[in-house]
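These notes concern the structure reproduced below.
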Amino acid sequence: MRLGYVCINMELQASKPKITCNRGMIRRTFLAKGLPYASELALQNVKDLSEIIRWNHAHDVEVFRMTSCLFPWASEYQLEQLPDYEEICKALKVAGDLAKKFGQRLSFHPGPFNVLSSPREHVVNNCIKDLEHHGEVMDLLGMPRSRWAKINIHVGASYGDKETALDRWCRNYERLSDTVTTRLTLENDDKASMYSVVDLAGVPYERHGIPIVFDFHHHRFCDGGLSEADALQLAACTWPAGVRPTCHYSDSKRIEYNDDTIRPQAHSDYIFNRIDSHGLDLDIVLEAKAKERALMRYREEYLATGT
DNA sequence: ATAGGTCAAGCGAGG
DNA sequence: CCTCGCTTGACCTAT
C-alpha cells in the first residue's frame, strides 16, 4: 500500500519563510484588495505546491491531496482575469511535471458545500462552478483526465429521501464537463442516515460508473450492513482497471485521548491502529491532524524493516 | 510576536 | 433556535 496525507505539510508550513498552499483572505479583505491580491496569494500558493511535491518525493511519499484553497475566492472570477495568470499557469505546469516525474499521485477533495444533490438551483450552480474550477486546475497541472487525478466529493445531503436525492445527484452530474466527470469519485459518509458504500455502489456507480473512495473511519458509523472487508472489496471493484483504488484512513480522536466528550467521528492526531488493506493494493490517504508527521510515525511504528 | 475574535458556502446532528 | 463539524484552521486586528 502507498500512504499519503492531506493539504498541509506542517514541517514546511512552520519553516521560515513558510511554505504553504493555504494562503487566503476573509471576505472583507477580498472586497478591499480584489483580484490583484488574490492573484498574488494564488501565485505564492501554486509555487509552494512544487516545494511540497519535492518534499514528498524526498520522503518517499507518493500520494498527496492538494488543498482546495490554492485560489482564494475562486468562485468569484475566471482564472484568466488574474494579473499573474501566465505565471500561475507556468507554476502549475512545473508542479504537475514534477509530480508526474516522481510518480506522485495528486488529488482534490472539494469541500462540504459541494452538494450536487441539492434541490436548490443556486446550490447546484455553485457546486458545479467549484467542481469545474478543480477540473481546470487539474488540467493546468497537466494531470490526466482519469481517476488517477481524482476529484473526490460526498453526495452531500439526503433530505430524508436518499433515492430522490441520488437521482437528482445523477441528473446534475450530467451537467459537468469532461474535466470533472473523468475524475470524479464519491466517498462514503460518517453518519448512519447518509450514504454508505452500499448506497454509492447503487445508483451513482450503476448509472455513471463513479468509483467509490472507501473511508475506513466513516464506515464505522455508516456501514450499510457490510463488514469492513466486504465494503472495501465492493468499493475497490468500482475502480477502473489500471487505477489503484484510493481509501481514506483515520482513527478516532475520542479513543486517542480517552475522552468521551469528543465526538467519535473526530479525526485522531496520529494513526494508532494497524491499517488492514484486506489483501488489496491501495493508495491510502491518512486523514490525521498531525498530517505528514502522522504518516512518518505510522511508518516507523508499523512498517519499519530490518528488526 | 502572540492572542483572541472573526470568518464564504450546505447540510445534518446535537443541545 | 443555535452551534458545531466537515476537505483543511487561517486571517486580521489589537495588544
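Below, chains carry the letters A, B, ... as their sequence lines are ordered, and counting in each starts from 1. What you are looking at is a predicted structure, and each value in this text was computed from that prediction instead of being measured.
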Given atom [atom1] of [X] and atom [atom2] of [N], what is their separation to the nearest angstrom?
X: A/Met10; N: C/dA10; atom1: CE; atom2: C1'; value: 14 Å
X: A/Arg23; N: C/dT8; atom1: CZ; atom2: P; value: 20 Å
X: A/His134; N: C/dT7; atom1: NE2; atom2: C1'; value: 9 Å
X: A/Arg27; N: B/dG5; atom1: CZ; atom2: P; value: 24 Å
X: A/Lys33; N: C/dC11; atom1: NZ; atom2: P; value: 12 Å
X: A/Phe113; N: B/dC7; atom1: CZ; atom2: C1'; value: 11 Å
X: A/Asn114; N: B/dG10; atom1: CG; atom2: P; value: 11 Å
X: A/Asn126; N: B/dC11; atom1: CG; atom2: C1'; value: 14 Å

Quick one: label [X] by what it contacts on the DNA or RNA (base, sugar-phosphate, nothing), any heavy atom closer than 4.0 Å.
X: A/Thr20; value: nothing
X: A/Phe108; value: nothing
X: A/Cys69; value: base
X: A/Pro112; value: base
X: A/Glu287; value: sugar-phosphate
X: A/His267; value: sugar-phosphate

Mark yes or no for whether A/Lys150, through its side chain, and A/Val213, through its backbone, hold a donor-acceptor pair below 3.5 Å.
no

Proximal nucleotide (of [options]) relative to the [X] side chain:
X: A/Ile8; options: C/dG5, B/dG12, C/dG9; answer: C/dG9
X: A/Cys7; options: B/dG12, B/dC11, C/dT8; answer: C/dT8
X: A/Val115; options: C/dT8, B/dG10, B/dG12; answer: B/dG10
X: A/Tyr159; options: C/dC11, B/dC11, C/dT7; answer: B/dC11
X: A/Arg120; options: C/dT7, B/dG12, B/dG10; answer: B/dG10
X: A/Thr29; options: C/dC11, C/dT8, B/dG12; answer: C/dC11

Neighbour count >12 (heavy atoms, 6.0 Å) for atom CD, A/Gln78
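Not buried by this count: 12 neighbours or fewer within 6.0 Å.
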
Measuring only the [atom1] atom in each nucleotide, how far is [N] from [M]? A whole number of Å is fine.
N: B/dA8; M: C/dT13; atom1: P; result: 13 Å
N: C/dT3; M: C/dT8; atom1: P; result: 24 Å
N: B/dG14; M: C/dT7; atom1: P; result: 16 Å
N: C/dA10; M: C/dG5; atom1: P; result: 16 Å

Does A/Arg207 qualify as a cation-pi partner of A/Tyr173, given the criterion of NZ or CZ under 6.0 Å from the six-membered ring centre and within 45 degrees of its axis?
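No, cation not above the ring by the 6.0 Å, 45° rule.
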
Does the cation-pi check pass for A/Arg244 over A/Trp239, that is, NZ or CZ under 6.0 Å from the six-membered ring centre and within 45° of its axis?
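Relative to the ring axis of A/Trp239, which defines the angle, A/Arg244 lies outside at least one limit.
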
Answer yes or no: does a side-chain N or O of [X] lie under 4.0 Å from OP1 or OP2 of [N]?
X: A/Ser68; N: C/dT8; answer: no
X: A/His154; N: C/dT7; answer: yes
X: A/Arg28; N: B/dT6; answer: no
X: A/His248; N: C/dT8; answer: no

Check the orientation of A/Phe102 and A/His57. Use parallel for under 30°, tilted for 30 to 60°, and perpendicular for over 60°.
parallel

Output, in order, the C-alpha distance, side-chain angles, deciding distance and verdict of salt bridge (Lys or Arg N to Asp or Glu O under 4.0 Å) for A/Glu87 and A/Lys47.
CA-CA 10 Å; A/Glu87 206 178 340; A/Lys47 281 184 174 173; 3.2 Å; yes

